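Here is the structure we will look at, set down as structure tokens.
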Amino acid sequence: MAESPITPRNQDFATWYQDVVLQGDMAEPAEIVKGCMVIKANGYAVWELLQRELDDRFKTTGHQNLYFPLLIPESFLHKEAEHVEGFSPELAVVTQAGGKKLDEPYVIRPTSETIIGHFFAKWIKSWRDLPMLVNQWANVVRWELRTRMFLRTTEFLWQEGHTAHSNHDEAVAEVRRMLDVYADVAENVMAMPVIKGVKTQAEKFAGALQSYSIEAMMQNGFALQAGTSHDLGQNFGKAFGVQFQSQAGQLDYVWQTSWGASTRLIGGLIMTHSDDKGLVLPPKLAPIKAVVVPIYRKDAEREPVLEAAHRIAKDVGAKVDDREGQTPGAKFFHWERRGVPVVLELGPRDLAAGTVVLKRRDTGAKQPVSVTAIAETVRAVLDEMQSTMFNAAKQRLKENTVLANSIDEVESILNDVTAEKGGGKFVMAHMKDDPRCDQRVKTSKATIRCIPLVDEYDGAGKCIVTGEPVDRRLVIAKAY
RNA sequence: CGGGGCGUAGCGCAGCCUGGUAGCGCACCUGCCUUGGGCGCAGGGGGUCGUAGGUUCAAAUCCUAUCGCCCCGACCA
């Protein structure tokens, strides 16, 4: 396969991202066509691993995967006023089918609250039917004005969970639990630290009482919303007539939640860890965790080296790159670009010494390892990489987070950073709810990302949000 | 929809200002040689220069129109 050259890192992060993702095409993450994305071999394999991690966690609490239609009757969207208002501008609408104009157009789902609400109304009659816990893995379409590879594509793959409960407390607990699931996967699987928080009313999901999100910081200091969980209250229950009879015999509307995470996570993964050489994947999301590259000079060396390579590979669960007609150098480069965490080099010199040279992708460090200890060493190195990568990202988050106590301070920090390197910082603004805040923040091209649930970045380490916070501490940042 | 840029070989680009036989790197094919970080050398195949008009003896190059793509902004996950 062809390997196109990768350009050196530029101060312009967008350019770098493009270089890694677009130019790094041969590392097979994705390619884009008309705002839509083809996710290629290596990229899709990462998504599959991520899917499994999420799905396993959903299912531990009794959620079922279902599938709902792609096409939603337009009238469904109109049943919830705020929802339709929020989504209308970005809907793709099917007006013609079967060679004639449709009486009622369909919209291509931008999300499935409405059609699921429709079915919840049919399926839920009694408190015994609750909670109803469903999830679907699907593609959705949102006609955004501008697309960015992985981060915002016209069509994207995601998971959307939808639940119905008999009371608000239980629904809120579900919303918070799913937020925790996302944070767990982000931090412990993706090695991407996040801040859990509540969205402002201006930024919440259209039709929700309250939205929660996890916010991650990319290498340039930009924020990335990496997962959302919504408390829908009874808004959709009322809009779709989802009623149940309680134990006391009374009719009540259900309390619903919805939560989702998308292929955007892969973009976040790339922008959190990758470097100028290509992808860097945390071991838990590496489709191939280790590759053995055999090195031999003469025909006489070939057999013993290959034999040992396969034996070692079997031992550690690695793949052997035994392609002929490729030099070892070309092979190292190949796997490096694909983000394979560990490459094992095995040549005649190692064979004689009873060692293997282990190179890790994150730090680039090389070390000889005794063949007898190779399996546990690789295991240990993979574990260590997982935490090293998380710690490095967390360190970056801390270093690029600054405190501010007034809107003036916020503004001066944001503008200063803008001028300096075109990058970003998270500003933890500690201040009373200032009516000028939204406006002033916006002029700095930043947004209020969230009101954090647990404030661990100012050293106080205490929860500041229980219900509506009195003392607002906001995360303000430029975002993708 | 505003502001910028680009369409020339599979990919990345030069050539255009100043019109005159279509170029370079990577990839591909053949041979020899090599293999501890993108092997090397030699030879070779592949392009109606986005499209349509115009100017000219002659257009990738100048003019006009048109289509497409990318980046920045507004929208947003």
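Residue numbering restarts at 1 for every chain, and letters A, B, ... go by the order of the sequence lines. The shown structure was predicted, so the numbers you read here are calculated from the model rather than taken from an experiment.
- Spacing of C1' atoms, B:rA74 relative to B:rG37, comes out at 46 Å, to the nearest Å.
- Within 4.0 Å (heavy atoms only), A:T447 reaches no atom of the nucleic acid at all.
- The side-chain hydrogen bond (donor to acceptor under 3.5 Å, both in side chains) search around A:W259 returns A:T257, not counting sequence neighbours.
- Partner assigned to B:rA60 is none, using Watson-Crick or G-U wobble distances below 3.5 angstrom.
- Nucleotide B:rG38 holds its C1' atom 13 Å from the CZ atom of A:R338, rounded to whole Å.
- Mapped onto RNA chain B by nearest heavy atom, A:F205 and A:G364 fall at different nucleotides, with A:G364 at the one closer to the 5' end.
- For the pair A:K478 NZ and B:rA74 P, the computed distance is 11 Å after rounding to whole Å.
- The nucleotide B:rG31 finds its pairing partner in B:rC41, both defining distances of the Watson-Crick or G-U wobble pair being shorter than 3.5 Å.
- If A:G35 and A:A479 are placed on RNA chain B by their nearest nucleotide, the residue sitting closer to the 5' end is A:G35.
- Nucleotides B:rG68 and B:rC41 have their C1' atoms positioned 42 Å apart, rounded to a whole Å.
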Anything under 3.5 Å between a protein N or O and an N or O of nucleotides 32-35 of chain B, put it in a table, one pair a line.
{"residue": "B:rU35", "atom": "OP1", "partner": "A:R297", "partner atom": "NH1", "Å": "2.4"}
{"residue": "B:rU35", "atom": "O2'", "partner": "A:Y296", "partner atom": "O", "Å": "3.2"}

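- With rounding to whole Å, A:F333 atom CZ is found 15 Å from B:rG36 atom P.
- For the side-chain hydrogen bond (donor to acceptor under 3.5 Å, both in side chains) test, no residue two or more places apart in sequence or in another chain qualifies with A:D56.
- Pairs passing the salt bridge (charged side-chain N to carboxylate O under 4.0 Å, His left out) check and including a residue from residues 353-369 of chain A, sequence neighbours excluded, read A:D275-A:R361, A:E336-A:K359, A:E345-A:K366, A:R360-A:D362, A:R360-A:E384.
- Within a heavy-atom distance below 4.0 Å of RNA chain B, the residues of residues 344-351 of chain A found are A:E345, A:G347, A:P348, A:R349, A:D350.
- Applying the salt bridge (charged side-chain N to carboxylate O under 4.0 Å, His left out) test to pairs two or more places apart or on separate chains, those with a residue in residues 209-222 of chain A are A:K199-A:E215, A:E215-A:R449.
- Side-chain atoms of A:H273 never come within 3.5 Å of backbone atoms of A:L281 as a donor-acceptor pair (strictly under, hydrogens ignored).
- Protein atom CE of A:M192 is 17 Å distant from nucleotide atom P of B:rA77, rounded to whole Å.
- Taking 4.0 Å as the cut-off between side-chain N and carboxylate O, A:R176 and A:D231 do not count as a salt-bridged pair.
- Look at CG on A:L145: it is 4 Å from C1' on B:rC75, rounded to the nearest Å.
- With both pairing distances under 3.5 Å, B:rG68 is matched to B:rC6 as a Watson-Crick or G-U wobble pair.
- When the side-chain hydrogen bond (donor to acceptor under 3.5 Å, both in side chains) test is applied to A:W335, the partners found at least two apart in sequence or on another chain are A:D321.
- Separating the NZ atom of A:K204 from the P atom of B:rA77 is a distance of 13 Å, rounded to the nearest angstrom.
- The gap from the C1' atom of B:rA77 to that of B:rC16 amounts to 44 Å, rounded to the nearest Å.
- For the C1' atoms, the distance from B:rG36 to B:rG45 is 35 Å, rounded to whole Å.
- A side chain to side chain contact (heavy atoms under 4.5 Å, CB included) with A:V356 holds for exactly one of A:V378, A:T377, A:D350, A:V371; it is A:V371.
- Across the strands present, B:rA14 finds no partner; the criterion is a Watson-Crick or G-U wobble pair with both atom distances under 3.5 angstrom.
- Applying the ring-ring contact (aromatic ring centres under 6.0 Å, His included) test to every pair with at least one member in residues 199-220 of chain A, sequence neighbours left out, gives these pairs: A:H83-A:F205, A:F87-A:F205, A:F205-A:H230.
- When each of A:V93, A:T95, A:V94 is paired with A:Y106, the side chain to side chain contact (heavy atoms under 4.5 Å, CB included) condition holds for A:V94 and for no other.
- Within the cation-pi definition used here (under 6.0 Å to the ring centroid, within 45° of the axis), A:K79 qualifies as a partner of A:F76.
- With hydrogens and angles ignored, no donor-acceptor pair under 3.5 angstrom links the side chain of A:K331 to the base of B:rG38.
- The base-pairing partner of B:rC1, taking Watson-Crick or G-U wobble contacts with both distances under 3.5 Å, is B:rG73.
- Separating the P atom of B:rU61 from that of B:rU56 is a span of 16 Å, rounded to the nearest Å.
- Distance check on atom C1': B:rG43 versus B:rG50 gives 34 Å, rounded to whole Å.
- The gap from the P atom of B:rG20 to that of B:rA58 amounts to 14 Å, rounded to the nearest Å.
- Using a 4.0 Å heavy-atom distance criterion, A:V357 is classed as a base contact.
- Within 4.0 Å (heavy atoms only), A:E144 reaches at least one base atom of the nucleic acid.
- A straight line from CD of A:E203 to P of B:rC75 spans 10 Å, rounded to a whole angstrom.
- Under the ring pair (Phe, Tyr, Trp, His ring centres under 6.0 Å) criterion, A:F156 pairs with A:W158, sequence neighbours left out.
- Counting only heavy atoms from C-beta on, A:R148 has its side chain closest to B:rG73 among B:rG73, B:rA77, B:rG38.
- With C1' as the reference atom, B:rG38 and B:rC26 are 11 Å apart, rounded to whole Å.
- Here A:K366 lies in heavy-atom contact (under 4.0 Å) with a base.
- Rounding to whole angstrom units, CG of residue A:L151 and P of B:rC71 are separated by 12 Å.
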